2 protein chains.
Amino acid sequence: MAKIQKVAELAGVSTATVSRALAGKASVSPATRARVEQAAKELGYVVSASASSLASGRTRNVGIVTPQLSSWFYMSVLDGAQRTLSDAGYDLTLYHLDANIGADLPADANPRRRRLFDEFLRRKRVDALIAVSLELNSAELASMHGLNKPVVGIGGPLPGVPTLSVDDKAIATLATEHLLSLGHRDIAHIAGDPDFELDFHLPATRRAGYEDALRGAGIEPEPLLVRSADFTIAGGYDATLQLLGDPRVHPTAIFAASDEMAIGAMLAARDLGRDVPGDLSIVGIDGHDLGGFFGLTTVDQFPQIQGRRAVETVLHELDGEHEEPSNEELPYELVVRKSTSKPRATSKP
Amino acid sequence: MAKIQKVAELAGVSTATVSRALAGKASVSPATRARVEQAAKELGYVVSASASSLASGRTRNVGIVTPQLSSWFYMSVLDGAQRTLSDAGYDLTLYHLDANIGADLPADANPRRRRLFDEFLRRKRVDALIAVSLELNSAELASMHGLNKPVVGIGGPLPGVPTLSVDDKAIATLATEHLLSLGHRDIAHIAGDPDFELDFHLPATRRAGYEDALRGAGIEPEPLLVRSADFTIAGGYDATLQLLGDPRVHPTAIFAASDEMAIGAMLAARDLGRDVPGDLSIVGIDGHDLGGFFGLTTVDQFPQIQGRRAVETVLHELDGEHEEPSNEELPYELVVRKSTSKPRATSKP
DNA sequence: CTGAAAGCGCTTACAG
DNA sequence: CTGAAAGCGCTTACAG
């Protein structure tokens, strides 16, 4: 592992010039730059991250904090972020908050969470931070701001931080209106269970979008048509069993707050002998990989793009452009496949 | 962000002592240590990663290289690794190789891959490396060894590197023998497609385990009973359609080389009106989250534990214990659920 | 456009 | 058990 001194000697310049040439500074003559690059290549020289960071104060490393490492959504965001960072020559260090531990608990209720804010994030290992679907308590927020680094949030509302998010309420409204426009009136909703999300407002927001759409069509929301589940296929399956078995309601369509729950709903409907979409139309939210296979109609929220945009925003800030702590709306798109259609007939008794 | 000097002043000691006390060195008196810890806490002092790394040569950071960021298996490994690292006070930086680009291609065929070895891995940002399911060409191997850092591999065979892996052949044999012991004779295999794995030997290994089991039972493997697919649900679905539609073969059971393909097989069987397990038994490999929901019999290979063990091995090496470049066998376990049973009757014509 | 030199914030022999 | 001091490998004003 050659050091900068060796490169300087081989190129016949000072280490200062090597540093400048390799950093791409404008003030190096083309001839010198070429010689330095050649020397560096010959020696297989790569700048030492820690020495460079210590001297410059920049790490070329971005941290990303996600609630989970096992769900498709977060992985897609991570994937998009990682590619974009890598193409910009940045490393990514991954932090991980266990979900199911609300930020409303006393801060020391979860030692891992506490340690993340008190220790890991304060080591100055990263230039900036991306927080995915996180809701922080005030101590955590203060701690994050105290880092004095660019932070951008995806999804969760983070006071004082620029944030990227899809308009969750609008997405839910769109999904519901798709069903309404097909002629459905008895539309059930499988809501997310707030206990299973760090961003605990999300389920309520989506439900509000659903109710708005109903009211917009002159339909009073029926609480019996709403069940909550844990965002998984199994959860969606079970919720659908309950929904379809309840003699008091007769949904002809289901809007599920995630694609996985929607897939669970499709499987449950099938097991109960209900034809999808003939007897029951189903829409989800996400743009999950499996959607195509199952023919699921959904609202795609392009999680990879969310990761990419978050990185772009953060790199932009690192280039010195100040971002207002406002919210940028991310794209989404209704993708109609085969799980939705007109209701076959009114199924009301 | 306080520096060590401040802590030293507040505690009334030298910076050397602060450094020692906070690093937990034995040679600090309990009283001094307590004062230093108190001072550090009061000031919210956390050691700067880059300064510490530069001075000590240790980064307290481990790199992990995975072929993909979107498959359940790699995410589970990553999850296990991240938790273990975090509990040990280590950070994790994530590197990512696009799959579908074989190591057998010329090294510069994939610029991202090349850059990983030539640049990212050489920045001295990590103390050690974990390579998941990677097969490297000789230049890449040399580059990795040239790092002079502990490397441990999960899965893929990495010459000269300690490796953790489940015995893939034995797993395949076990899955097949489970079917044989139930009385099946016409057992199909949905193999992985080597083009979709960085570790391109894996599909062949599993297939060999399958064939061994058959021969052990006096059955000559029938090539028409083997189809390959891309490790996804959709791939498994399609392969099953082909298998069950082929008039020349009459499988009563399918062994799929991954749980996702096995789930695809279950869905295909169902769509074709075949009862699982009555008409068709299905086994997978993995221990996928969805296995329980679908009632899938599988051989669990505990990917989270794989991640954890890899970290433990690497940390062990960082503590100075030299690991022989041998292979450690990881646990696996047959999990019987509802997708396998005796064949209903011989389905041979 | 380039170099000499200070300094980034720690750690660790060395000496006591 | 503790401190003074060198040094880790870069970057960057400053001067020319």
Side-chain angles (χ1 to χ4, degrees), chain A residues 1-37 39-40 43-61 89 119 122-127 147-148 318 320, chain B residues 1-37 39-40 43-61 89 119 122-127 147-148 318 320:
Chain A
M1 292 294 176
K3 317 184 173 172
I4 199 172
Q5 183 60 47
K6 293 277 174 205
V7 182
E9 282 165 18
L10 184 56
V13 294
S14 70
T15 60
T17 297
V18 173
S19 175
R20 289 188 197 105
L22 263 24
K25 307 259 190 214
S27 68
V28 180
S29 79
T32 308
R33 181 185 308 277
R35 247 182 312 135
V36 169
E37 281 168 355
L43 297 170
Y45 172 75
V46 174
V47 179
S48 149
S50 45
S52 176
S53 305
L54 181 58
S56 70
R58 306 193 58 195
T59 62
R60 302 210 138 259
N61 189 24
E119 185 181 342
R122 301 178 64 106
R123 294 207 259 227
K124 307 196 182 73
R125 202 189 287 286
V126 300
D127 287 335
L147 262 25
N148 258 318
L318 288 175
Chain B
M1 292 291 177
K3 319 185 171 172
I4 199 172
Q5 184 58 45
K6 293 276 174 205
V7 181
E9 283 166 17
L10 184 58
V13 295
S14 71
T15 58
T17 298
V18 174
S19 175
R20 291 189 198 103
L22 263 23
K25 307 258 187 214
S27 68
V28 180
S29 80
T32 307
R33 182 187 306 278
R35 249 183 309 133
V36 169
E37 280 169 355
L43 297 171
Y45 173 75
V46 174
V47 178
S48 148
S50 43
S52 176
S53 308
L54 181 58
S56 70
R58 304 193 58 194
T59 63
R60 303 210 139 259
N61 189 208
E119 185 183 340
R122 303 178 63 109
R123 294 205 256 227
K124 307 195 182 73
R125 203 190 285 288
V126 300
D127 287 335
L147 261 26
N148 259 318
L318 288 176

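None of these values were measured; they are calculated from a predicted model. No hydrogens, no waters, no symmetry mates; every other heavy atom, side chains included, goes into these values.
As a whole-Å value, the separation of B:K25 NZ from D:dG3 C1' is 16 Å. Whole-Å rounding puts the B:L22 CG to C:dC10 P distance at 10 Å. Going from atom CD of B:Q5 over to atom P of D:dA4 covers 10 Å, rounded to whole Å. A straight line from CG of A:L43 to P of D:dG9 spans 15 Å, rounded to a whole angstrom. Distance B:K3 NZ to C:dC10 P: 8 Å, rounded to the nearest Å. When rounded to the nearest whole Å, the span between CZ of B:R123 and P of D:dG9 equals 18 Å. Rounded to whole Å, the distance from CZ on A:R60 to P on D:dG9 is 21 Å. Between A:R58 atom CZ and D:dT12 atom P there is a gap of 9 Å when expressed in whole angstrom units.
Across all strands, A:S50 comes closer than 4.0 Å to no nucleic acid atom at all (heavy-atom distances). Among the heavy atoms of the strands lying under 4.0 Å from B:V13 are primed sugar atoms or P, OP1, OP2 only; no base atom is included. Here A:K6 lies out of heavy-atom contact (under 4.0 Å) with every strand.
When both pairing distances are held under 3.5 Å, C:dA4 makes no Watson-Crick or G-U pair with any nucleotide shown.
When distances run from any side-chain atom of A:S19 to the nucleotides C:dT2, D:dT12, D:dG9, the shortest one goes to D:dT12. Side-chain proximity of A:S29 to the nucleotides D:dT2, C:dC1, D:dA4 is greatest for C:dC1. Nearest to the side chain of A:S14, among C:dG3, D:dC10, D:dT12, sits C:dG3. When the nucleotides D:dT11, C:dG3, C:dT11 are ranked by their closest atom to the side chain of A:T17, C:dG3 comes out on top. Of the candidate nucleotides C:dC10, D:dG3, C:dT2, C:dT2 has the atom lying nearest to any side-chain atom of A:S27. When each of C:dG9, C:dT11, C:dT12 is scored by its nearest atom to the side-chain atoms of B:S48, the top-ranked nucleotide is C:dG9.
Taking for each of B:A26 and B:S56 the nucleotide of DNA chain D with the nearest heavy atom, the 5'-most of the two is the partner of B:A26. Two residues, A:T32 and A:T15, neighbour DNA chain C, and the one matched to the more 5' nucleotide by heavy-atom proximity is A:T32. Each of B:R20 and B:L54 has a nearest nucleotide on DNA chain C; the 5'-most of these lies closest to B:L54.
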A:L318/A:R58 under side chain to side chain contact (heavy atoms under 4.5 Å, CB included): CA gap, chis, key distance, verdict: CA-CA 9 Å; A:L318 288 175; A:R58 306 193 58 195; 4.1 Å; yes
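Here, C:dT12 and C:dG16 have their C1' atoms 16 Å apart, quoted to the whole Å.
Heavy-atom minimum distance, A:E119 versus B:V46: O-CG1, 3.8 Å. The nearest pair of heavy atoms linking B:Q5 to B:T15 is OE1-CG2, 3.3 Å.
With a 4.5 Å cut-off on side-chain heavy atoms, A:V36 and A:L22 count as touching.
Judged by distance alone, with hydrogens and angles left aside, the side-chain atoms of A:R35 form no donor-acceptor pair with the main-chain N or O of A:V13 at under 3.5 Å.
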